[in-house]
Each structure stands twice: as structure tokens, then as C-alpha cells.
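Just below is one structure, and these are the notes that go with it.
The sequence lines fix the lettering, A, B, ..., with proteins before strands; numbering per chain opens at 1. Nothing here was measured: the structure is a model prediction, and the numbers come from that model.
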Amino acid sequence: MVRSKSVLNMMMMSLSSIGLVGVLWVLYGYSMAFGNDVGAGLLGNPFEYFGLSGLFAGNYLATDTAPDVTFPLVGTIPALVFVGFQATFAIITVALISGAVADRMRFGPWLLFAGLWATIVYFPVAHWVFSFDGVTAETGGWIANTLVAIDFAGGTAVHINAGAAALALVLVIGKRRGWPREPMRPHNLTLVMLGAGLLWFGWFGFNAGSAVGASGIAGFAMINTIAATCAAMLAWLVVERIRDGKPTSLGAASGVVAGLVAITPSCSSVSPLGALAVGIIAGVLCALAVGLKFRFGYDDSLDVVGVHLVGGLVGTLLIGFFADPGSPAAVAGLFYGGGVDQLWRQAVGAFAVLIYSFVLSLVLAYIVKAIMGLRVTDEEEATGIDEVEHAETGYDFSSHSGVSGLAAHAGSAGKASTDQVPATAGKEG
Amino acid sequence: MTVSEVSGYGRQRGHTEVYRGADYHVDLVPKVRIEVVVDDDLVEKVIDSVTQSARTGKIGDGKVWVTPVETVVRVRTGERGADAL
């Protein structure tokens, strides 16, 4: 969805999130999120499972001398499987932010921001939302246990969290040069469509996987993930048909993402009909919300705010309306006779994470800006961030470009050899 | 004859594309540029065949222009002028 001159940097920001957050997760991230609470449900003990210690020792295979298979479990699954599953949430949340600053953020400052943000924002928020008392630790986080707001698979912890951070980072880093006057159209929509398909498939892992077992709850979450996503895609296309005249492929892909985001928190608590409603509402609202950046003048390159923040809020808050007591979460929303009890819990959870993430992200962005600066120069931005930050280009469309590559190589070799001559001469002299 | 893919426009205007509700006007239209080097007595015949094949009667059909060529050398043999064509 970025321009061709920025495609590698966009992919690198996501891929580097995997590398960086993966390392932090093993070291102390999992422990900060799922270790025993250190006070008031705000943070897990970072040292309890440091380096995943205490999560792997035991007998993995039964033998004559040790007939019992014993290794740590979370629920019914091996603890390390849970660690790996939750690692993907930490990684995707950090990677999501990068879409907002595509085309202009230097790579080093991105890594610094990503590492700090994961540590100070994501790991604590994951503890608040995902750490239930008595599952991975005796005492968990406040949103999950004290407030009892529902976020089944990360609408609050992942999407509101990343969307709010994206908004803060975009406000600090500023617009791309020429935006919104110059067209910055996506350079390869077939890749976008392919990505939407991969994303939808992978998302079943997030949503159904959050049942933490191959159970009826997983099946329920999977069906809701189908229902809401399909409805959201159609809803987005209808909005485009009415507003712009044509239904677009980017709109269909965006509708898929909007539906997936909105059903993420709610897939355990709404009925399949409720999921259709969640999808339609998310599709319509997100299709309208991507226009907000033009109205308010913030350059969110890939609509992280319009799709993930808005979609996450829609899904999280709609639980308060559509929660069906017959669903696995067994909570009644406003439309099912439950009154506003669940609605205010959802609202407090959503806005607590939104405000925490936004404020901390603003502070982190200013700190990184003060230390390293955030963006490339105007000239470098015009040249293209792939070339400037990574010394690469994504595509080679010309059959002649190999010649210039050889010439460049020969040039540097030639330079090196001339450099050696005076050095040798100096020694002999 | 040499054929190249180029972009450009004359009286024909481009088109508008829409991405997530944002309009982008695309001015340059993809075109094909054909260069043919021939003897003077064939010029009218070439013009006729190109115009007949390319004409649809709508704006955007394109243009044919004729320029003199000073000389032509066939690289392989060194022949010059009409012999090189």
C-alpha cells in the first residue's frame, strides 16, 4: 500500500518488530505480561519468568524410571505453547504502529521506539487485559480481573493500543512531504489482496486460538470471525459504491481488516447474528473513519488509526450492546437485557488503554526525537527511504540495470586499489 | 521499426482513481510510440497505414509526425544512407 520507493522499509519495520519483540518477549516480555502481579494489577513481575525460566523443566517423554510426563501447563496446553502464541500478539501490536509512519521514519529511531514501546506500553497492557488470576500467575491484571471487561483476542490490548500509539507517533513525526496534495497511491494492489487473504487466514489463529484449546469456544470464535469479516467487507463496499461511485479492491481488503479487528475482542461474547451486526457497523464506520485524516490533517499513511483504533473501539464497545448470554462469555449486553453494566466496563477498559498508550507514546516519541531525530531529510524522502535507509530498491524493472551495478562494483574496487598505492609507497619510504 | 511504451497526453485528459475514498487524478496516460525510418517515397504509405490502424475517431488516438533523418549507418556492415535501411 506504500509507494514503490518505500516498500522494503515498510516490510522491514514489520519484520524487525518480529526480531526485536521476539527477543524481548523471551527475555522479560512474557514475564512482565504474565508473571505474578507486582501491585494493583498494573504489571507482572519481570523476573519471575525471565528467560522463560520455570516454564520448561520437566519430563517430556515417559520412561521406565520417570513414568509421568510432567512439564508446565497453561490450562490444558504446554506453557511454552502459550508463550509462543502470546508472542505473536506482542509482535503484531508493535508492527501495526509502523504503518502510520511509512515513507519517512528512519530505521534506527523506529527500532528504539519499538523496543521502548513494547516494554513500557505493550507488556503492561497485555498484563492488564490478558492475565487472568490463577492461569499463568496467582494474581493477574486489573482489566481482566477487577474491571472484568471482555477482550477475547486483543481488540483493546492490540488494536486500540497500537492505534492510539500510531496517532501519537504521527502527530510527533509530521506529514509526508507533499501530503495530501500529491497523490501517494498504493503501488501494488495485487500484493494488498494477497496480504488480505493471508491476514484473514492467520487471524483465525488469533481469535480461535484465544480459546487456548481446540474446543467449542474456538469453533464459536471462528464462526464469528467469518461472519463479522464477511459482513464488514460488504458494508465497506456499499459505502464506497454510494460515496465514491465504485466498489474498489482496496476497499474490500480494508473491509476485511475492519471486520477482523472489530470481532477480535467480541468473538466469544456475541452470537453469530451479533457478529454480523458488529461487522456491518465496523465496515461502515471504518470506511468513513479513514477520511478523518484529511479533515484533521494528520498523515496516517496506512490508516492504522482509521481501521485499527476505530475498529478496535467499535468491537470493544459493541460487546456492551450485543453480548449474548448464550455465548461462551455468558454476559448480557444492553440489547439482551443486561443493562449498561457491561457497557461501562468495556468503555473504561477501552479508554484506559487508549489514553495510557497515547500519552506514553507521545512521551516516547519526543524522547526518541530528542535523542536521534525521527525522520529522514526532505531530500532523502524524495529519493525514497528504501535507498536511503537500506541501500536497496524493491523492484528491478529494467534489464539494463545490472550494468550499472557492475560499474559501481568496479568503481569501488578501483578506488580501493588506488588507496593502497600510497600506503605501500609510504611503508617503503 | 522501434516500439516503446511511454506515458503522455495531449488534448486527452487522464482519469481519476479512488483509494480509500481519496481521489487521485492521473494525468499521464499510457501510450505506445512507434518509430519507423523509411525512404522518402514510402513516407505517405506509412502515414496511411498508421492512421488507418490507429483511428477510432475519439480524442486520444494520437499523432503522427515526420522528421528528416540525416543519415543512417548499419553497424554490422558500415553501409550508409538508403542501403542501410
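In this structure, chain B has heavy atoms under 4.5 Å from both the backbone and the side chain of R185(A). With a 4.5 angstrom heavy-atom cutoff, L189(A) touches chain B only via side-chain atoms. Heavy atoms of S254(A) lying under 4.5 Å from chain B belong to its backbone as well as its side chain.
Here P186(A) is the residue among P180(A), P186(A), A287(A) with the most heavy-atom pairs under 4.5 Å with chain B.
More than 12 non-hydrogen atoms from other residues, nucleotides or ligands lie less than 6.0 angstrom from CD of E35(B). Heavy atoms from other residues, nucleotides or ligands lying under 6.0 Å from CZ of R33(B) number 12 at most. Heavy-atom neighbours of D39(B) CG from other residues, nucleotides or ligands within 6.0 Å: above the threshold of 12. Within a 6.0 Å radius of NZ in K31(B), other residues, nucleotides and ligands contribute more than 12 heavy atoms. Atom CZ of R241(A) has 12 or fewer neighbouring heavy atoms from other residues, nucleotides or ligands inside a 6.0 Å radius.
V290(A) approaches R20(B) most closely through the heavy-atom pair CG2-O, 3.8 Å. Among all heavy-atom pairs drawn from V18(B) and T248(A), the shortest one is O-CG2, 3.8 Å.
To the nearest 0.5 angstrom, Y19(B) atom OH is 11.5 Å from M1(A) atom CE.
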